[in-house]
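In what follows, a structure is listed as C-alpha cells, so that the remarks can point back to it.
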Amino acid sequence: MQAARHVVCALSGGVDSAVAALLLRRRGYQVTGVFMKNWDLLDESGVCTADKDCEDAYRVCQILDIPFHQVSYVKEYWNDVFSDFLNEYEKGRTPNPDIVCNKHIKFSCFFNYAVNNLGADAVATGHYARTSLEDEEVFQQKHIKRPEGLFRNRFEIRNAVKLLQAADSFKDQTFFLSQVSQDALRRTLFPLGGLTKDFVKKIAAENRLHHVLKKKEVSVLCCKGVESRFCAGPGSISNEALVFQYLQPRPGKFISIEDSEVLGTHKGWFLYTLGQRAKIGGLREPWYVVEKDGTKGDVLVAPRTDHPALYRDLLRTGRVHWIAEEPPAALVRDKMMECHFRFRHQMALGARGLGLSTLGKARALLQGSFSSPSALCADPQSRWHRVGDGCEGCAGSHPGTVCRVLQRGRVPGQWENPAPGAVRLHTAEGQEQSRSGHGGLWRRPQR
C-alpha cells in the first residue's frame, strides 16, 4: 500500500492558508504546516504581529491535527526583499515586495526547506492561483538542482508548467506569483485555485476556524509585520513613516506641468508613483503625478484625470522573467505578440490589446493605449497574458525609457494652446516632439 503523499503547507495565520491545509487533509495527504517569520520588529503599539500570526497558525494545526513548524527568514527577507524595496524607492520606482517575497522567500527558502528538510513530496500555499498540472502530476515531478542559463533540460522547457488564473477573477493572485521559478511551480499545489473567497470563508466557518475567519483582511499576501505598513500604497502616511525610518527626507516642490507654478511642497520625490493623486495642501482640485525630477527633487503634476500628459502609448520594460523560462514561440517567430497586460493587482485585463516585441534578448516593448492616471503607475512589475488563462511572464519598467506619445484625437481636453512656460516632455530617445506632430509632449524647461 502506497504511503500518503506528504504536502508541506505554508501557514500565514490567515483564513486562506488555513483552508488550504484543511482541503489537503481532506484529500488524504499527510500535511505539515509551516509558519515563516520574516520580520522581527514591533509595530507602533509595541506588539510583534508575527508572534500573533504564529499563534494563529499553530492553533490551525491543532484543530486540523497536523504537525507544526516555525522557520525564520528574517535575514533573507531583509537582504532579498526589504533592501530591494528601499533601493527601488531611492531610484524613484514603486516596488511591489509581494512579488519579490514570493520569488525569494516562499518559493525559494521555504520551498527548499520543505523539500530538503521535511521531505515534502509537494508544497502548498493559500494563493488564489492554478497551474496546468493535476495533483498526481505534481507528485511525479522530481526536484533536481540544475544549472541556470543555457544548459537547461530542453524537454522541460518545451513542456513547461503553466501558471493559470484562479477561478475567482477578483481574488486571482497570479500577479504576485509571476516571478516564481519552474522548479517551484512543478512541485506546488494551490488548493484554493478553483474556489471563490466567499466559499473559502464558508468552509472555515463550518470547520471551527473562527479565529482566522475573524481576522482583518490585508490587501496583499505578504502583509505581515513590516509589509502591512506599506500595503496602503505609495504616498500613504504609514508608508511614508516606514520609509523615513530608513531613508532621509528629501524635501522638494510640487510644480504644475502647465505653467511651472509651484503648488506646494513634499518630503521626498521618491514617495510618489507616476499617475497617483498628489495630496497638495490648500488645493481643492485633484492633481496627478506626471514626472519626477530626482536631481532637483521636484514632482511635476497635472490637473484632471483626462489631462494629455497622463497618457502613454509605449512602455519599455527591464529584464523579462518568463514563466516557461523562454519567450513564447510566437514572439520569437513574429517579434510581436498580442497579449493582455496588467501592472497592478486586480487591474482589469484585456481592456486593450497590447503588442509585445523583444528588444535584444532580455527586454520587451509594450504598445497600446495607456490611458487614465493609473496607466502611468511605475510599479516595477508588469505582467502579461496571451488570450486564455495563462500568465506568460513579467518585467519591470525600464527607467527613463517610457516613450511619452500622446494620441491627439483620442484624449479628452486636448492641450491645443498650452500656457506660457508649459512643461515639455521628451521622448525616450531624447528627441523633442513637435507640437504640430502627434501630440503635445510637455516637460518643464531647464532653469
Side-chain angles (χ1 to χ4, degrees), residues 2-38 50 53-74 76-77 80-81 98 101-131 133-145 161 163 173 176-177 179-195 200 203-204 207 209 212 221-222 224:
Q2 186 179 16
R5 303 290 192 180
H6 183 201
V7 181
V8 176
C9 183
L11 294 177
S12 66
V15 64
D16 293 330
S17 59
V19 171
L22 168 66
L23 295 177
L24 293 169
R25 193 91 161 81
R26 285 183 176 177
R27 294 178 192 177
Y29 303 141
Q30 176 192 342
V31 182
T32 298
V34 175
F35 177 82
M36 287 169 274
K37 185 175 182 179
N38 301 329
D53 293 329
C54 184
E55 291 176 9
D56 290 336
Y58 176 66
R59 189 175 171 189
V60 167
C61 290
Q62 286 183 312
I63 292 172
L64 301 182
D65 192 24
I66 61 176
F68 172 80
H69 293 263
Q70 178 184 356
V71 290
S72 174
Y73 297 125
V74 172
E76 292 83 354
Y77 185 90
D80 297 329
V81 181
D98 252 335
C101 178
N102 282 324
K103 176 181 179 180
H104 292 295
I105 307 300
K106 288 188 178 71
F107 291 91
S108 181
C109 296
F110 163 70
F111 174 78
N112 290 323
Y113 170 78
V115 172
N116 299 327
N117 293 62
L118 300 181
D121 295 309
V123 301
T125 72
H127 289 89
Y128 288 82
R130 298 178 296 129
T131 72
L133 298 181
E134 299 293 335
D135 283 15
E136 199 53 42
E137 292 176 299
V138 171
F139 294 127
Q140 293 171 3
Q141 304 297 317
K142 292 182 179 180
H143 179 58
I144 303 174
K145 185 66 176 178
V161 178
L163 177 63
Q173 291 165 327
F176 302 121
L177 301 171
Q179 285 205 9
V180 174
S181 70
Q182 274 286 305
D183 286 342
L185 279 180
R186 288 181 180 278
R187 301 286 297 278
T188 301
L189 301 175
F190 296 113
L192 307 188
L195 306 179
V200 167
I203 294 175
N207 289 273
L209 296 172
V212 293
L221 292 174
C222 278
K224 300 296 177 189

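Any value given below was found using the heavy atoms of this structure, including those in side chains, with hydrogens, waters and symmetry copies removed.
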Discussion item. Under the rule for side chain to side chain contact (heavy atoms under 4.5 Å, CB included), what residues qualify as partners of S72, not counting sequence neighbours?
Written reply: V74

Worksheet item: Judged by atom type as modelled, is there a donor-acceptor pair below 3.5 Å linking the side chain of Q182 to the main-chain atoms of V161?
Response: yes

Response to the item:
The reported gap from CG in L185 to CZ in F111 (rounded to nearest 0.5 angstrom) is 9.5 Å

Item to complete: Can you label the angle between the Y113 ring and the H69 ring as parallel, tilted or perpendicular, going by 30° and 60°?
Response: perpendicular

Worksheet entry | Side-chain heavy atoms of D135 within contact of R5, under 4.5 Å | no

Worksheet item: Do D80 and Y73 meet the criterion of a side-chain donor-acceptor pair at a distance under 3.5 Å?
Response: no

Fill in: Set of residues satisfying salt bridge (charged side-chain N to carboxylate O under 4.0 Å, His left out) with respect to D121, sequence neighbours excluded
none

Worksheet item: Could you state the interatomic distance from CG (D98) to CD (Q173), rounded to the nearest 0.5 Å?
Response: 8.5 Å

Fill in: Between CZ on residue R130 and CG on residue L163, distance to nearest 0.5 Å
9.5 Å

Worksheet item: Does E76 reach the side chain of I105, with side-chain heavy atoms less than 4.5 Å apart?
Response: yes

Discussion item. For T32, give me all partners under side chain to side chain donor-acceptor pair (under 3.5 Å), at least two apart in sequence or on another chain.
Written reply: H6

Discussion item. Applying side chain to side chain contact (heavy atoms under 4.5 Å, CB included) to L192 and L23, what does each step give before you reach the verdict?
Written reply: CA-CA 9 Å; L192 307 188; L23 295 177; 3.9 Å; yes

Worksheet item: At their closest point, which heavy atom of D53 faces which heavy atom of S12, and how far apart are they?
Response: CB-O, 3.5 Å

Worksheet item: Are side-chain heavy atoms of T125 and L177 found at a separation under 4.5 Å?
Response: no

Worksheet item: Listed by chain and number, what are the side chain to side chain contact (heavy atoms under 4.5 Å, CB included) partners of A204, not counting sequence neighbours?
Response: V15, V19, L209, L213

Worksheet item: side chain to side chain contact (heavy atoms under 4.5 Å, CB included) with A124: which residues, sequence neighbours excluded?
Response: V7, C9, L24, L189, P191

Fill in: Non-hydrogen atoms of A20 and G126 that approach each other most closely
CB-CA, 4.1 Å

Response to the item:
Looking only at heavy atoms, the pair that brings L11 and C61 closest together is CD1-SG, 3.3 Å

Worksheet entry | Minimum heavy-atom distance R25-V31, with the two atoms named | N-CG2, 3.7 Å

Item to complete: Quick one: pull up NE2 in H104 and OG in S181 and give me the separation to the nearest 0.5 Å.
Response: 11.0 Å

Response to the item:
The ring-ring contact (aromatic ring centres under 6.0 Å, His included) partners of F190 (sequence neighbours excluded) come to none

Discussion item. How long is the straight-line distance from CD1 of I63 back to CG of L22, given to the nearest 0.5 Å?
Written reply: 10.0 Å

Fill in: Full working for side chain to side chain contact (heavy atoms under 4.5 Å, CB included) between L195 and I203
CA-CA 11 Å; L195 306 179; I203 294 175; 4.2 Å; yes

Item to complete: Apply side chain to side chain donor-acceptor pair (under 3.5 Å) to T188 and list each qualifying residue two or more places apart in sequence or on a separate chain.
Response: none

Worksheet item: Which residues satisfy the side chain to side chain contact (heavy atoms under 4.5 Å, CB included) test with Q70, sequence neighbours excluded?
Response: F35, K37, C54, F68

Worksheet item: Considering residues at least two apart in sequence or located in another chain, which fulfil the ring-ring contact (aromatic ring centres under 6.0 Å, His included) criterion with Y29?
Response: F139

Worksheet item: Looking at CE of M36 and NZ of K106, how far apart are the two atoms once the value is rounded to the nearest 0.5 Å?
Response: 5.5 Å

Response to the item:
On a heavy-atom basis, the closest approach of S17 and G14 is OG-O, 3.5 Å

Discussion item. Holding to side chain to side chain donor-acceptor pair (under 3.5 Å), I want the full list of residues that pass it with Q62, two or more places apart in sequence or in another chain.
Written reply: Y58

Worksheet item: Who passes side chain to side chain donor-acceptor pair (under 3.5 Å) against N207, sequence neighbours left out?
Response: R26

Worksheet item: Can you tell me if R187 uses its side chain to pair, donor with acceptor, with the backbone of A120 under 3.5 Å?
Response: yes

Worksheet item: What are the two closest heavy atoms between L64 and A18, and how far apart are they?
Response: CD1-O, 4.0 Å

